[in-house]
Peer 1: 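To start, I am sharing the structure in question, which I have written as structure tokens.
Labels below follow one simple rule: chain letters A, B, ... track the order of the sequence lines, proteins then strands, and each chain is numbered from 1. Just so it is clear, the values below take in all heavy atoms, side chains as well, and ignore hydrogens, waters and symmetry mates.
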Protein chains: 2
Amino acid sequence: MTRATTLRRDAQRTALLDAAERRIADAGLTALKARDLASEVGCAVGALYTLVADMDEVVLRVGSRTLGRLDAALTASAASAAAGTPAARLVAIARTYADFAADNLHLWRALFEFRLADGRALPDWSAEEQIRLFRHIDAPLSALRPDLPDAERHLLARTLFSAVHGIVVLGLEGKLIAVPRAGLHGQIAMVVEAIAHGLAAGQGSGNGNR
Amino acid sequence: MTRATTLRRDAQRTALLDAAERRIADAGLTALKARDLASEVGCAVGALYTLVADMDEVVLRVGSRTLGRLDAALTASAASAAAGTPAARLVAIARTYADFAADNLHLWRALFEFRLADGRALPDWSAEEQIRLFRHIDAPLSALRPDLPDAERHLLARTLFSAVHGIVVLGLEGKLIAVPRAGLHGQIAMVVEAIAHGLAAGQGSGNGNR
DNA sequence: ACCATATTATGAACATCGTTCATTTCATAT
DNA sequence: ATATGAAATGAACGATGTTCATAATATGGT
């Protein structure tokens, strides 16, 4: 394969992912169809499979883009809050996460609505991207509790993320009981501050685990 | 329709839901197929649609059973912990939730993996069942903060549920980073106790909302 | 008991997916 | 210019949920 063809095929793949991203952003993951994608990109269905292995790869690669933008947003947020207390930094990150989710609803949902078929494992590069996000939580946590061993702090970071994620999911899901953004921010601040306070209190003594 | 036929059809419907429940429990929601179900129950595919409107109804009704068992577990747990502090009662309920999720993994996952097609709304009876569960959280919360207006306390109950739910989801999902049950209980206790402590501290003054 | 009518069961057919494959078209290198 | 290998095509395949003409069955009136 010559250099020119490689470039052309990369451009095609990019166009494919652009179209897929637009579709998911507009109408959600379930609206992403192979035939639509092919016609949008201007090729036959079969040609898709020379650009990607299957639809899962499309979703994963769009997810990668979303994770990249989320990472950038969290990085910016962490930088803005860098001067504050660890608790304030954690709250800032959590709120940035909530805002990102609200502003990128369908793409964000696609990140975790997507389930691989039984037996198929997440590619390493995808799993690694997800794990990398935790560093934004890990850093303020280090400041808050420098005494904790890495493993325990990582577990805490996961827990903190999960708690906030859960609040955001439920807050953004029911149109009926939709929580306005200010209310969502308030709930997040309450939870994150309470945990940060609890962690600071636990310093030196027990670790809060049972 | 005579009484005998009503009974017979109810029995068929029950057999259908039994089979569906078994299938989901064994192999997850994605393994539930109309044709499998029909052959398991011993009828033609078309006959399914005289017992239920569509597959969504099957999933919803199995979900209803799961919610019923979850409710019973939470009720029992709340009764056992009734003598403790509000914080301890909240922790007990959260742990019961985590245990139920772990012990009924596929059925529990089916509760929220299932998404209605665009536009279709949850039946009222299903939404109401879900909301009823919050009362288990609401009660200890009332003891903890009798000063809070109902609406605010309900929002808090939702937040608390979401946070714990998030932790349980992530804790039970990755086989890679699987958190052992004791670790999961530890994380839950930490978070719930921290929030309870924060709420108790907030009594009388501000409400922790921004 | 018998038949007219309404209800229910049947399973082939349909629509919609993702995916594959024989075939054609195209690009590259000699 | 032609031979060879890569890429594109779109019909076909296998699942899937759902529907429908038809057959079987149950119900109720006489």
Peer 1: Ignoring backbone atoms, test whether A:T50 places a side-chain nitrogen or oxygen under 4.0 Å from the OP1 or OP2 oxygen of D:dA8.
Peer 2: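 Answer yes for this pair, as a side-chain N or O of A:T50 is under 4.0 Å from OP1 or OP2.
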Peer 1: In whole Å, what is the span from the CD atom of A:Q12 to the C1' atom of D:dA6?
Peer 2: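 Taking CD of A:Q12 and C1' of D:dA6, I get 12 Å after rounding.
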Peer 1: Between A:R115 and A:D56, does any NZ, NE, NH1 or NH2 come within less than 4.0 Å of an OD or OE carboxylate oxygen?
Peer 2: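 Between A:R115 and A:D56 there is no salt bridge, as every charged N stays at least 4.0 Å from the carboxylate O atoms.
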Peer 1: Taking the side chain of B:A34 as its heavy atoms from C-beta onward, which of D:dT18, C:dT19, C:dA9 lies nearest to it?
Peer 2: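 That would be D:dT18.
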Peer 1: By the definition side chain to side chain contact (heavy atoms under 4.5 Å, CB included), identify the one residue from B:D18, B:L70, B:L107 that meets it with B:R65.
Peer 2: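 Only one option passes, and that is B:D18.
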Peer 1: Under 4.0 Å, heavy atoms only, any strand: does B:L32 hit a base, just the sugar-phosphate, or nothing?
Peer 2: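 Sugar-phosphate only.
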Peer 1: Salt-bridge test for B:E40 and B:R23: reply yes if a basic N is under 4.0 Å from a carboxylate O, no otherwise.
Peer 2: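 So B:E40 does not pair with B:R23 through a salt bridge.
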Peer 1: Of all the choices, C:dG18, D:dA7, D:dT9, which nucleotide is nearest to the side chain of A:R9 once you look at every atom?
Peer 2: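 Per side-chain heavy atoms of A:R9, the pick is D:dA7.
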Peer 1: Look at the rings of A:H165 and A:F112 and say which category their plane angle falls in: under 30° parallel, 30 to 60° tilted, over 60° perpendicular.
Peer 2: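 Rings of A:H165 and A:F112: perpendicular, over 60°.
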Peer 1: Provide, to the nearest angstrom, the distance between the CZ atom belonging to A:R35 and the P atom belonging to C:dA15.
Peer 2: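 Between P of C:dA15 and CZ of A:R35: 14 Å.
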Peer 1: To the nearest Å, give me how far apart NZ (A:K33) and P (C:dA15) are.
Peer 2: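 The answer, rounded to whole Å, is 17 Å.
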Peer 1: How many whole angstroms separate atom CZ of A:R8 from atom C1' of C:dA27?
Peer 2: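 Result: 8 Å.
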Peer 1: Over how many whole Å does the gap from B:L37 atom CG to C:dA9 atom C1' extend?
Peer 2: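 Answer to the nearest Å: 16 Å.
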Peer 1: When the distance from CG of A:L48 to P of C:dC21 is rounded to whole Å, what number comes out?
Peer 2: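 Rounding to the nearest Å, CG of A:L48 and P of C:dC21 are 16 Å apart.
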Peer 1: Rounded to whole angstrom units, what separation is found between the CG atom of A:D54 and the C1' atom of C:dC17?
Peer 2: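 To the nearest whole Å, that distance equals 14 Å.
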Peer 1: Rounded to whole angstrom units, what separation is found between the OH atom of B:Y49 and the C1' atom of C:dT10?
Peer 2: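 Result: 14 Å.
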